[in-house]
K.L.:
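One structure is given below, represented as structure tokens, and several questions about it will come after.
As the structure lists them, so they are numbered: ligands from 1, and atoms in each ligand from 1.
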Amino acid sequence: MQNGEIAGLFLELADLLEIQGSNPFRIRAYRNAARTIENETESFELIVKNSPEELQSFSGIGKDLAEKIVHVVETGSFSQLEELRNEIPVGVVQMLRLPGIGPKKVGAMYRELALTTIDELKAAAEQGQISELKGFAKKTEESILKGIEHLAEMGNRALLAEAKAQVDFIIEDLSQLDSVQKISVAGSCRRRKETVGDLDLLISSDNSEEAMETLKEHPLVSEVLQQGKTKQRVRLNTGLEMDLRVVPENSYGAAMQYFTGSKEHNIVMRKKAQERGWKLNEYGLFEGEKQIAGDSEEEIYTQLGLEWIPPELREDRGEFEASEKGTLPKLIELKDICADLHMHTTASDGTASIKEMAEAAKKLGWKYISITDHSKRVTMANGLDEKRLRKHWENIRKVQEEIKGIDILCGIECDILEDGTMDLSEEVLLEADWVVAVLHYGLKQPKEKINQRLLNAIRCPAVTAIGHLTGRLVNRRKGADMDMDDIFKAASDYGVMMEINAHPKRLDLNDLHARKARDMGIPIVINTDAHSTKGFDVMQYGIFQARRAGLEKKDVANTRTLKQFRKMLRTSR
Ligand code: DGT
Ligand code: CA
Ligand code: CA
């Protein structure tokens with residue numbers, strides 16, 4: 001179990017306690033402990049296994065917490081959390097997904113108005129009951145209604161990172177069974193789609209009972225919804241549902257192909273089989289009764305005259321033509337990345353120092369990074385003004401003198417203000433090695449205004465890249481409205497790079513926009529936006545999104561050496 005997963009359970013506990021209206025000091029204690037666990041580089045799983053007595057030496061972890069941690073590592077959960085999960089209705093927990101609504105507010109609505117579902121909340125908000133609660137403004141009520149509308153549009157989908165962490169944990173455990181020959185996730189999660197409706201798990205085994213029995217008892221599984229001879233549908237503790245299929249080995253490839261989807265991709269596949277007088281289904285590719293392919297996906301694609309298509313591209317967006325012509329991209333991989341150009345330190349709202357970030361990046365094998373703390377407009381994050389920024393860069397240069405093997409660029413994440421000017425003077429920005437310009441405020445401005453702000457930033461000679469272009473939050477907040485063609489055209493003309501922000505909540509540019517930007521000749525940078533050394537872990541999600549966009553190593557600037565990278569910067573730099 002990863003530290004992040006353990007911390008996640010304590011954060012969940014804190015949220016549930018707060019909804020219940022428990023003692024604020026206890027709630028804070030769990031949140032602090034979660035932070036300690038999350039930021040610790042040593043594995044808590046190993047500590048529990050090797051020297052559990054050490055747990056209490058960590059700040060904020062006392063006897064009670066130490067016991068809970070041991071329990072979590074051994075069983076995946078602990079009784080207090082289980083009880084709260086049973087006690088508090090799922091609909092109440094779902095209210096946490098509304099933007100601007102935290103556990104405290106959810107708790108008030110649950111306890112004072114006895115609201116237990118999103119539908120009930122909607123009705124109460126429409127009747128004006130919410131704004132009558134203490135601490136709730138009319139504006140909150142309005143934003144709840146907007147949020148509910150948005151939630152309905154998104155459907156009940158989980159973020160890829162959350163879904164993937166859960167299925168990876170289950171796969172790790174089920175693969176221990178001797179009867180399990182092969183096991184893999186399929187569906188949208190295998191295609192690395194940014195959100196997942198439900199998980200699809202595939203196993204090849206001739207003992208489906210054992211696989212299903214083990215899954216039923218897994219600590220992440222809360223109940224079995226349906227069960228047949230070779231299929232099972234379960235609900236996980238998080239509410240996410242999962243389909244399990246158990247197939248014989250000679251159908252495993254066909255089942256992988258079928259259940260990976262997408263539906264659109266599979267329609268074309270079946271048509272190709274039919275054109276040859278064959279039949280394709282989850283059991284194999286058949287000529288009459290005879291199976292002509294089935295145990296591997298490759299075989300199926302080859303028989304249909306295709307090169308094997310990576311799951312990320314299976315959306316019927318041109319992958320068949322490329323596959324037939326042999327022009328499928330050689331998709332970028334995590335190991336191609338050798339730099340990260342967007343991260344924060346304690347100078348603004350990060351939790352690690354310049355040196356800690358640089359050392360952690362070096363450990364990952366990265367060759368250069370850019371420190372990009374916030375500019376002054378972001379007061380909440382202690383953003384830097386010109387004077388503090390110059391001092392910060394001095395500190396970066398000092399750290400550089402102490403550290404070999406990684407280059408540290410002096411950067412800044414500079415806000416593009418609501419009026420379209422930059423938050424810091426062009427003079428100071430030109431002193432930076434790297435400037436990521438971003439929208440944080442005024443995301444709801446009309447399209448023309450947003451466009452103008454971005455065009456101004458792109459024309460500013462100091463700006464080297466645009467970060468998290470739209471400002472969207474996956475499943476939570478729509479991004480700013482803009483004309484992508486205009487913006488990409490300008491970025492291409494001026495030589496400004498575009499970021500894929502790898503944070504699983506942002507993934508901004510999305511897959512389609514990233515593909516379009518690349519097609520327009522814009523170099524892409526994939527950045528973590530890390531606020532701690534752990535924050536570098538999200539790079540993989542940026543890679544997934546880039547792969548869905550069809551990007552190759554050559555399309556991504558932070559796969560280059562620093563020297564080559566510098567040559568790719570706009571001519572004014
Ligand atoms: P999701 O769960 O909404 O994120 O998306 P998927 O793609 O995982 O969809 P899901 O779970 O409904 O089904 C998994 C795959 O199984 C899907 O991508 C393709 C295949 N599949 C399921 N039902 C059908 C169907 O009715 N027709 C076809 N052609 N394929 C299907
Ligand atoms: Ca699915
Ligand atoms: Ca499914």
K.L.:
Pick one of side chain, backbone, both or neither for how Thr260 approaches ligand 1, counting any non-hydrogen atom pair under 4.0 Å.
P.N.:
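The part of Thr260 near ligand 1 is the backbone, not the side chain.
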K.L.:
Would you say Glu12 and Asp15 make side-chain contact, with heavy atoms under 4.5 Å?
P.N.:
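Answer no - side chains too far apart.
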K.L.:
Have Ser323 and Glu307 got a donor and an acceptor in their side chains that come within less than 3.5 Å?
P.N.:
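There is no such pair between these side chains.
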K.L.:
Among all protein heavy atoms, pick out the one at the shortest distance from atom 17 (C) of ligand 1; state its residue, atom name and that distance to 0.1 Å.
P.N.:
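Checking every protein heavy atom, the shortest distance to atom 17 (C) of ligand 1 gives Gly261 CA, 3.9 Å.
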K.L.:
Would you tell me whether Glu120 and Thr116 have side-chain atoms, one donor and one acceptor, within less than 3.5 Å of each other?
P.N.:
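Yes, side-chain donor-acceptor contact under 3.5 Å.
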K.L.:
Using a distance-only test with no angle check, is there a side-chain donor-acceptor pair under 3.5 angstrom linking Asp336 and Thr559?
P.N.:
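Absent: no donor and acceptor within the cut-off.
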K.L.:
Of the protein's non-hydrogen atoms, which lies at the shortest distance from atom 27 (N) of ligand 1, and what is that distance?
P.N.:
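Scanning the protein heavy atoms, the shortest distance from atom 27 (N) of ligand 1 goes to Tyr258 OH, 4.0 Å.
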K.L.:
Decide whether the shortest distance between a heavy atom of Arg157 and an atom of ligand 1 is less than 4.0 Å.
P.N.:
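True for this residue.
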K.L.:
Under 4.0 Å from any heavy atom of Val196, which atoms of ligand 1 are there?
P.N.:
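Those atoms are 4 (O).
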K.L.:
Would you say ligand 1 has an N or O under 3.5 Å from any N or O of Ser262?
P.N.:
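No; every N/O pair is 3.5 Å or more apart.
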K.L.:
Does a donor on one side chain sit under 3.5 Å from an acceptor on the other, for His265 and Glu315?
P.N.:
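The answer is no; no qualifying pair exists.
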K.L.:
Please check if the number of heavy atoms outside Glu321 that lie under 6.0 Å from its CD is greater than 12.
P.N.:
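No.
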K.L.:
Are Ile267 and ligand 1 in contact, using a heavy-atom cut-off of under 4.0 Å?
P.N.:
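So Ile267 does not count as touching ligand 1.
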K.L.:
For atom 8 (O) of ligand 1, what is the closest protein heavy atom, and at what distance to 0.1 Å?
P.N.:
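In this structure, atom 8 (O) of ligand 1 has Ser188 N, 2.9 Å as its nearest protein heavy atom.
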K.L.:
Should you measure from each heavy atom of Arg270, which atoms of ligand 1 turn up under 4.0 Å away?
P.N.:
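Reading through ligand 1 atom by atom, the close ones are 29 (N).
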K.L.:
Looking only at protein heavy atoms, which one is nearest to atom 13 (O) of ligand 1, and what is the separation?
P.N.:
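Heavy-atom neighbour on the protein nearest atom 13 (O) of ligand 1: Asp200 OD1, 4.3 Å.
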K.L.:
What N, O or S atom of Asp200 is found closest to the Ca ion (ligand 3)?
P.N.:
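Asp200's closest N, O or S atom to the Ca ion (ligand 3) is named OD1.
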K.L.:
Quick check: do Asn237 and Gln166 have side-chain heavy atoms less than 4.5 Å from each other?
P.N.:
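Contact flag for Asn237/Gln166 side chains = no.
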K.L.:
For atom 15 (C) of ligand 1, find the nearest protein heavy atom and state the residue, atom name and distance (0.1 Å precision).
P.N.:
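I find the closest protein heavy atom is Phe259 O, 3.2 Å.
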K.L.:
Are any of the side-chain nitrogens in Glu289 or Lys279 under 4.0 Å away from the carboxylate oxygens of its partner?
P.N.:
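No.
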K.L.:
Check whether any side-chain heavy atom of Val72 sits under 4.5 Å from a side-chain heavy atom of Leu81, and report yes or no.
P.N.:
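A side-chain contact under 4.5 Å is absent here.
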K.L.:
With carbon and hydrogen excluded and only N/O/S kept, which atom of Asp243 is nearest the Ca ion (ligand 3)?
P.N.:
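Looking at Asp243, the N, O or S atom with the least distance to the Ca ion (ligand 3) is OD2.
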K.L.:
Show the atoms of ligand 1 that are less than 4.0 angstrom away from any heavy atom in Gly187.
P.N.:
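This gives 8 (O) as the contact atoms.
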K.L.:
May I ask you to test the Glu333-Lys330 pair for a side-chain heavy-atom distance under 4.5 Å?
P.N.:
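In short, these two side chains touch, coming nearer than 4.5 Å.
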K.L.:
Where does Asp198 meet ligand 1, judged by heavy-atom distances below 4.0 Å: at the side chain, the backbone, both, or neither?
P.N.:
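It is both backbone and side chain that touch ligand 1.
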K.L.:
Quick one, Gln257 and Leu280 - any side-chain contact, counting heavy atoms below 4.5 Å?
P.N.:
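In short, these two side chains touch, coming nearer than 4.5 Å.
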K.L.:
With the threshold set at under 4.0 angstrom, would you say Arg191 reaches ligand 1 through any of its heavy atoms?
P.N.:
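Arg191 counts as a contact of ligand 1 under the 4.0 Å cut-off.
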K.L.:
Got the closest protein heavy atom to atom 23 (N) of ligand 1, with its distance?
P.N.:
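Going atom by atom, the protein heavy atom closest to atom 23 (N) of ligand 1 ends up being Lys263 CE, 3.5 Å.
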K.L.:
Hey, is atom 5 (O) of ligand 1 touched by any protein heavy atom at less than 4.0 Å?
P.N.:
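Yes, there is a protein heavy atom closer to it than 4.0 Å.
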